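Written out below as structure tokens is the structure these notes cover.
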Amino acid sequence: MTCQLQKDGMLEVVSFYEQHNHEFAHSPMKHMLRSKRKITPAQKAIANDAEKSGISIKQTVDLLSMQAGGRENLGFLDVDYKNYVHSKRRMALKKGDGRAVMKYFHKMQLEDPSYFYSIQLDDDDLIMNIFWADARSVVDYGHFGDVICFDTTYRTNACGRPFAPFIGVNHHKQTIIFGAALLYDETVDSFKWLFETFLSAMSGKQPKTILTDQSAAMAKAISEVFPKSNHRLCVWHIYQNAAKHLSHVFHSSKQFADDFGNCVYDYEDEDEWLCAWENMLKKYNLTNNKWLDGIFDVKEKWAMVYGRHMFTADMKSTQRSESMNNVLKKYLKPKHDLLQFLGHYSRVLAEKRHQELQAEFKMSQTTPILKVDVES
């Protein structure tokens with residue numbers, strides 16, 4: 001069909017050929033035509049939730065087909081759905097990054113035969129989770145790995161891929177890094193894979209204490225993989241969440257912050273602590289507060305009265321992990337790809353170790369000063 005634009009803005013058909021230049025699609029196949037295929041926003045929302053929940057591509061397509069009343073009413077083909085899921089995954093791991101990352105780790109292992117790395121792939125051979133630790137990190141864990149901080153609050157790029165360092169403290173009270181991971185998501189399965197991989201790298205040695213923020217998925221994975229470890233929650237995050245969930249109480253009473261802080265830190269007897277907790281709830285009319293009920297159920301993980309017997313290397317929060325994240329932010333930008341991230345991470349690691357070397361030198365060149373009086 002040929003049309004011409006007229007002066008009045010209308011189109012006039014100049015010629016029309018009735019013969020078709022391709023074969024018509026049969027009625028049962030019309031939903032397979034490219035022009036008829038589209039994943040709706042509602043279907044994308046279901047697909048995103050399914051992906052986060054670990055539901056396979058086939059199961060999700062079957063569910064959507066059932067909701068639509070059959071494959072012919074679905075609006076897209078299996079290959080369209082696979083392409084959509086894969087494109088979402090590649091947003092966090094750009095095309096070509098996988099091969100470059102493997103080359104990077106291979107190079108590191110040639111330079112350091114004890115360099116450890118592990119990569120988890122999905123059913124379509126796409127990278128999901130990555131863990132790595134060099135020989136020095138493994139040795140450091142052997143010396144100082146009784147207590148570790150684990151935090152996933154930092155995102156490496158605009159797509160939100162969680163960065164998960166295993167952090168500890170050395171004999172100079174400096175932050176040291178036992179290993180690090182890039183995760184696809186924060187599900188129980190991802191955390192279990194990571195913790196089991198970490199144990200494998202560290203010859204099966206479990207930490208005495210592990211400090212984390214409050215995450216149900218993380219807690220479940222820790223209880224299964226680190227059954228001998230004490231799991232403590234970051235006190236700083238408890239305070240942050242308290243300020244968010246109990247903002248009306250903090251604003252209406254200056255005394256509440258002191259009373260809440262006393263329940264976190266000050267009591268040594270469990271019965272006294274329970275009594276103080278009940279009195280606080282009654283005093284501020286918080287007896288039925290859901291958030292306080294929730295943290296009471298895990299009180300053994302954050303209240304100091306339950307943790308005084310546990311060795312924590314004088315750490316009560318994951319702020320060492322967050323301090324490490326702040327250092328990384330100085331070097332990393334959202335536009336950086338995964339390979340750039342690994343390079344910057346190595347430089348940060350080298351800087352931390354240089355600081356430890358400086359502390360070792362200073363210690364060897366000075367005489368310790370006794371800071372308490374000793375009666376003769």
Side-chain angles (χ1 to χ4, degrees), residues 144-153 164-169 178 186-188 190-192 194-196 198-199 202 204-246 249-250 256-284 286-322:
F144 308 112
D146 288 338
V147 182
I148 61 175
C149 293
F150 180 76
D151 178 72
T152 59
T153 56
F166 291 85
I167 301 294
V169 59
F178 301 133
E186 296 180 76
T187 59
V188 175
S190 285
F191 284 131
K192 279 188 66 177
L194 175 57
F195 295 151
E196 288 168 354
F198 178 79
L199 274 184
M202 305 302 167
K205 176 185 174 180
Q206 295 190 24
K208 286 183 170 60
T209 303
I210 178 168
L211 289 131
T212 73
D213 58 357
Q214 195 169 0
S215 162
M218 198 183 296
K220 181 173 174 57
I222 288 172
S223 66
E224 293 182 17
V225 182
F226 299 131
K228 297 178 181 178
S229 302
N230 298 310
H231 181 200
R232 299 289 294 170
L233 296 178
C234 170
V235 173
W236 185 81
H237 279 114
I238 294 291
Y239 267 107
Q240 289 291 101
N241 289 329
K244 181 171 68 175
H245 291 93
L246 306 172
V249 188
F250 277 100
F256 177 73
D258 292 335
D259 291 341
F260 185 78
N262 291 339
C263 287
V264 174
Y265 290 111
D266 287 353
Y267 291 92
E268 296 191 11
D269 180 77
E270 182 181 2
D271 291 334
E272 289 182 7
W273 185 89
L274 290 169
C275 184
W277 182 264
E278 286 297 322
N279 290 338
M280 182 187 72
L281 296 183
K282 292 176 183 176
K283 180 179 178 180
Y284 298 101
L286 295 169
T287 305
N288 296 317
N289 185 275
K290 290 184 179 180
W291 183 78
L292 286 172
D293 287 344
I295 65 165
F296 181 82
D297 291 339
V298 291
K299 58 186 180 296
E300 293 83 0
K301 293 184 177 182
W302 58 266
M304 191 56 64
V305 68
Y306 295 100
R308 294 193 185 280
H309 65 287
M310 300 176 190
F311 178 65
T312 62
D314 202 29
M315 290 188 285
K316 299 179 180 67
S317 74
T318 58
Q319 284 185 323
R320 286 188 180 271
S321 294
E322 287 156 21

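Excluded from the calculations below are hydrogen atoms, water molecules and symmetry mates; all remaining heavy atoms, backbone and side chain alike, are included. As the structure is a prediction and not an experimental result, all values here were calculated from the model.
Scanning all heavy atoms of the two residues, the minimum distance from Ala221 to Phe191 falls at CB-CB, 3.5 Å. Across Pro165 and Asp151, no two heavy atoms sit closer than the pair CD-O, 3.4 Å. The two residues Asp213 and Leu233 come nearest to each other via the heavy atoms O-CD2, 3.7 Å. In terms of heavy-atom proximity, Ile238 sits nearest to Gln214 at CD1-OE1, 4.0 Å. Across all their heavy atoms, Phe150 and Met218 have their closest contact at CD2-SD, 3.7 Å. Between Ala303 and Arg232, the shortest heavy-atom contact is O-NH2, 3.4 Å.
Shown here is Lys208, whose NZ atom has no more than 12 heavy atoms of other residues, nucleotides or ligands within 6.0 Å. Surrounding CG of Asp297 are more than 12 heavy atoms belonging to other residues, nucleotides or ligands, all under 6.0 Å away.
Note that OH of Tyr306 and OH of Tyr267 are 12.5 Å apart. Values are rounded to the nearest 0.5 Å. Distance CG/Leu281 to CG/Asn288: 9.5 Å, rounded to 0.5 Å. Taking SG of Cys234 as the reference point, atom CD of Gln240 lies at 9.0 Å (rounded to 0.5 Å). Considering NZ of Lys301 and CD1 of Ile295, their distance stands at 13.5 Å, rounded to 0.5 Å. The CG atom of Leu211 lies 10.5 Å from the CE atom of Met310; values are rounded to the nearest 0.5 Å.
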Hey, mind stepping through Trp291 and Leu286 against side-chain contact (heavy atoms from CB on, under 4.5 Å) and telling me if it holds?
-> CA-CA 10 Å; Trp291 183 78; Leu286 295 169; over 6 Å; no
Start with the C-alpha distance between Phe260 and Leu292, add both sets of side-chain angles, then the distance that settles side-chain contact (heavy atoms from CB on, under 4.5 Å), and finish with yes or no.
-> CA-CA 11 Å; Phe260 185 78; Leu292 286 172; 4.3 Å; yes
Where do Tyr284 and Asp259 land on the side chain to side chain donor-acceptor pair (under 3.5 Å) test, with the steps shown first?
-> CA-CA 10 Å; Tyr284 298 101; Asp259 291 341; 2.6 Å; yes
Apply the test side-chain contact (heavy atoms from CB on, under 4.5 Å) to residues Phe226 and Phe198: give CA-CA distance (whole Å), side-chain angles for both, the deciding distance (0.1 Å), then the verdict.
-> CA-CA 11 Å; Phe226 299 131; Phe198 178 79; 4.3 Å; yes
Derivation and outcome, side-chain contact (heavy atoms from CB on, under 4.5 Å), residues Trp273 and Lys299 | CA-CA 11 Å; Trp273 185 89; Lys299 58 186 180 296; 3.5 Å; yes
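Judged by distance alone, with hydrogens and angles left aside, the side-chain atoms of Thr209 form no donor-acceptor pair with the main-chain N or O of Val147 at under 3.5 Å. Judged purely by atom type and a 3.5 angstrom limit, Thr152 has no side-chain atom pairing as donor or acceptor with the backbone of Ala164.
Contact of the Leu274 side chain with the Glu270 side chain is registered, since non-hydrogen atoms from C-beta on lie closer than 4.5 Å. Side-chain contact between Leu194 and Phe166: present, with at least one pair of heavy atoms (C-beta onward) separated by less than 4.5 Å. Looking at heavy atoms from C-beta onward, Gln206 lies out of side-chain contact with Ile148 at the 4.5 angstrom threshold. The closest side-chain heavy-atom distance from Met280 to Cys263 is below 4.5 Å.
Taking the six-membered ring for Trp and the full ring otherwise, the centers of Phe178 and Phe144 sit at least 6.0 Å from each other.
The existence of a salt bridge linking Glu224 and Lys220 is confirmed by a sub-4.0 Å separation between a basic side-chain nitrogen and an acidic carboxylate oxygen.
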